[in-house]
Amino acid sequence: MFKRLLLSIKLASRSLTINIGRTVLTLVGIIIGILSVIVVTSSGQGVKEYILGQVNSFGTDIIQVETKVPATGKTSSANATGQAQGIQITTLKVSDGEMLKKIPNIDKAAPASIGQELATYQATNKRAMIFGVGADYPFVDTATKVAQGAFYSQGDDNGLAQVVVIGSDVKDALFGDQEAIGKEIKIKSLNFRVVGVAEKRGAVTFLNYDEFIFMPVQTLQKKILGIDYVRMITLKVKDANLIDVTAADVSDALKRQHKTPREEQEDFSVSTIQEAQKIIGDVFGTINILLLALTSISLVVGGVGIMNVMYVAVVERTFEIGLRKAVGATASDIRNQFLFEAIFITLIGGLIGILLGYLISFGLSYLIKSLGFNLNFPVTLSAIFLATSFSMATGIIFGYYPAYKASKLSPMEALRKE
Amino acid sequence: MSLIVVQNLSKTYETEGVKTPVLHEVTFEIKKGEFISIMGPSGSGKSTLMQILGMLDRPTEGTYLLEGKNITQYSDDEMAKIRNKKIGFVFQSFNLLPRTSVYENTELPLLYDEDHLEMNNEKKITKALAAVDMSHRTNYLSNQLSGGEKQRVAIARALVNNPEVIFADEPTGNLDSKSGLAVMRILQQLNDVGHTVILVTHETYTARHAKRILNMLDGRIVSDELVKDRLIADGEGELLK
Ligand SMILES: Nc1ncnc2c1ncn2[C@@H]1O[C@H](COP(=O)(O)OP(=O)(O)OP(=O)(O)O)[C@@H](O)[C@H]1O
Ligand SMILES: [Mg+2]
C-alpha cells in the first residue's frame, strides 16, 4: 500500500520532468497567482501601516478642536462644502484655548490659524503657508522640532511680536547656505525676525511642513489677517488614558462658552486621534476585503487554469493511462499519480511564487524608500499562510477531478484512442 | 488442463443506448504452450476477443476461465494484478511512452508488480532486451528508435514479467517485411521457451507462423485448424520471400 503510494509519487515527479514544457507553463500560472496574493496583501499592509504611522506621529494624547458649520456632522460633506463655500465660523477664539487649558487634564493648548503670503528676503521671494500657532505648538506637534534658534514664547504671542520660525524648505529658498537666525524677512511689508529654523521633516501625507512659516497666532490675526478667530485649537492631555473623558469635558466647556447647549447649534467639533485611527482602520478593513476579493479572483482564475492543464494532460495522455493499466496499474495508481503531479506542481509554484512575491515586495519597499517615503511592504505570515494553503488546495481540488477521470478510463477504451 | 477456456462468450458494446453486438457465443480452448493466430476481416471482432482474453475488458455473457478460474468474479484491481503477472501485450502501434528511455519503457510492468524485489529488476530488463536484440539501445529514448526497434522494445516490455501468455494485436501491421519477420522470429522463440502466444492478424502469411489458426467472421469462429506447413522465421530464405 505504502509502496504503491511511493510509486505514484515517483511516477508523478518523473512525468513532470519528462513533460517539462507543460510543467513550466502550469508553474507560471500558479506563480503569478501566488505572487499576486503576496504583493497585494503586503502593499495593502504597508500603506495601512504608513498612514497609521503618520496619524500616530500626531500623538495619542492629542485632542483636536476645529470649527464646524452648525447642524452638520464634523466629517459630513455638508460641513466640508459649507467650509469650502466660505461659510466662515468666527466663534473659536484664542481665549477659548486659555479657558480649556484650565481643565485639569489639559497640559498644553495651541490655537492655530492659517494664511498664505509671500515672504521676501532681500530680492528672493517665496510663497509660503503662514501657520499662526501659539507657543505651545512644539509640545502638541512633537514632530515639529527646532533645529537652530528656539521657538517663540507665550510672551511673544501676547505681545504680538514680529518673529517667525521657518521651515527648512523656506530657509533653503530664502537664505540658501547662509545663516538665517537673526535675519529679518518681509511679509505683507512688515519685518519679521527669524528666531528659529525647523528641522527637516520630509513630506507628510497631505502637507509639507517644511514649507511652513510658524508665527505667533495673535500676530498673524492682528497684523496680517485682521481677524479675531482661529481655525483650530490643538490640546495635549497629561494622562492619555483619560482622553475620552477629557474630550467630553472640552466639549462641555465650549458649549457653555459659546452658549450652544443643543447639538445642532454646535459650531465646533472635538476629536481625538483614537477616533481617526478607528476610521482609518475601518477604511483599511474595507480596502483589505476588496484586495482580498481581487486576489481571490486571480487565484480562482489560476486554479481553473491548473484544472484545464491537468484536464488536457489527462486527455493528452489517455493512451499512457491505457498502457499503464494494461501492464497492471490499478485505478488508484493512476489517480494518485495524477493527483501527486497536481500537488507537486502547485507546491513548487507556490514556493517560487512566495519567494518572488517576497523579493518584489522587498524591491518595492526599497524603491519607495529611495524616493524618500518611509514606506515598508511587509510580507505577513498570514499572507504566506494564505498563499501556501491556497496553492495546496488548488492542487488537490483542481487536480482531483482530472485525476479521478483518468483513473476511471477503461484500459481498452484508452488504448483505442491514439 | 487448458490455459484458456471460453464458452458461449458474447460481447455487445453499448454507447449512448446504441447496442453493437460484436461477439456471438464464441467457444474454444487454448492449451499452455500453444501459438495461435486469430484471423478474419476487419471488423470481425478479433481485437475485441483479444481484449477480453487479455482482461482489458469484460464479456457481456458467457464464461472465460483462465487457469481454471472464472475471471468474471474478479474485481478491476484483481484483473489489473493478473494482467501484470500473467499477461503481456504487444500492439500494432508500439505504444511506448514518449520521451522515455528504452530501459524505463521496458521496466513499466515491473513497477506495478509489488510482490517482487526491485533489485532483480535490472537483471530482468537486461534479459528481456537481450531476448529482442535491443541491448545496444538501452539508454535511447523511445522517439529515437525505428518502428521495428520500437516494436522489439514493446515485446521486451511484454515479456519482462515472464508472463504466461503474450497477446500480439497486428504486431507487424506497421512494419516493413524485414522488421516484421524479426518480430515473428522473436514471438516464435518466446513460444519455443514455453510462453503461450496469441497473435491477431489478417495476413495469412503472418498467421502461418503460428501452430493453429482460428478464423473469425462477423463475431463468430468459422474455422479452427492446425497449421500444416508452418513457417519458421529464422532463415535467409524467408527474407527473400
Ligand atoms: N468501444 C466500442 N464501442 C462500440 N463499438 C465498438 C467498440 N469497439 C469496437 N467496436 C466495433 O466492434 C466491431 C469489431 O471491432 P474489432 O476492433 O474487434 O475488429 P477487428 O476484427 O479487430 O478489426 P481490425 O482488423 O480492423 O482491427 C467493429 O464493428 C467496431 O466498430
Ligand atoms: Mg483489430
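Given the structure is predicted, the values throughout are model-derived calculations rather than measurements. All values below were derived from every heavy atom in this structure, side-chain atoms included, with hydrogens, water molecules and symmetry-related copies excluded. Below, chains carry the letters A, B, ... as their sequence lines are ordered, and counting in each starts from 1.
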Sorted by chain and residue number, the salt bridge (Lys or Arg N to Asp or Glu O under 4.0 Å) partners of Lys405(A) (sequence neighbours excluded) come out as none
Which pair of non-hydrogen atoms, one from Ala80(B) and one from Ala329(A), has the smallest distance, and what is that distance?
CB-O, 3.8 Å
Check for a donor-acceptor pair, side chain of Arg83(B) on one end and backbone N or O of Lys325(A) on the other, with a separation under 3.5 Å.
yes
Whether over 12 other heavy atoms sit under 6.0 Å from Phe362(A) CZ:
no
Euclidean distance, Thr100(B) OG1 relative to Arg14(A) CZ, rounded to 0.5 Å:
8.0 Å
Side chain, backbone, both or neither: which part of Ile18(A) has a heavy atom under 4.5 Å from chain B?
both
Side chain from CB out, backbone as N, CA, C, O: work out which of these in Arg317(A) comes under 4.5 Å of a heavy atom of chain B, or both, or neither.
neither
Given side chains that start at C-beta, do those of Arg157(B) and Leu323(A) come closer than 4.5 Å, heavy atoms only?
yes
Can you name the residues that form a side-chain contact (heavy atoms from CB on, under 4.5 Å) with Lys369(A), not counting sequence neighbours?
Asn374(A), Asn376(A)
Residue Asp218(B) excluded, over 12 heavy atoms near CG under 6.0 Å
no
For atom OH of Tyr103(B), is the number of surrounding heavy atoms from other residues, nucleotides or ligands below 6.0 Å larger than 12?
yes
Pick whichever of Met79(B), Lys85(B), Glu104(B) has the most heavy-atom pairs under 4.5 Å with chain A.
Glu104(B)
Between Lys81(B) and Thr330(A), is any pair of side-chain heavy atoms under 4.5 Å apart?
no
In residues 53-78 of chain B, which residues are in contact with chain A at a heavy-atom separation under 4.5 Å?
Leu56(B), Asp57(B), Asp77(B)
Arg137(B): partners by salt bridge (Lys or Arg N to Asp or Glu O under 4.0 Å), with sequence neighbours left out
Glu149(B)
Portion of Tyr13(B) that has a non-hydrogen atom of chain A nearer than 4.5 angstrom:
side chain
Is any side-chain heavy atom of Asn95(B) less than 4.5 Å from a side-chain heavy atom of Phe319(A)?
yes
Is there a donor-acceptor pair closer than 3.5 Å between any side-chain N or O of Arg4(A) and the backbone N or O of Tyr112(B)?
yes
Structural part of Ile82(B) lying under 4.5 Å from a heavy atom of chain A
neither
Residue Ile20(A) excluded, over 12 heavy atoms near CD1 under 6.0 Å:
yes
Mark yes when over 12 heavy atoms from residues, nucleotides or ligands other than Tyr404(A) sit less than 6.0 Å from its OH; otherwise mark no.
no
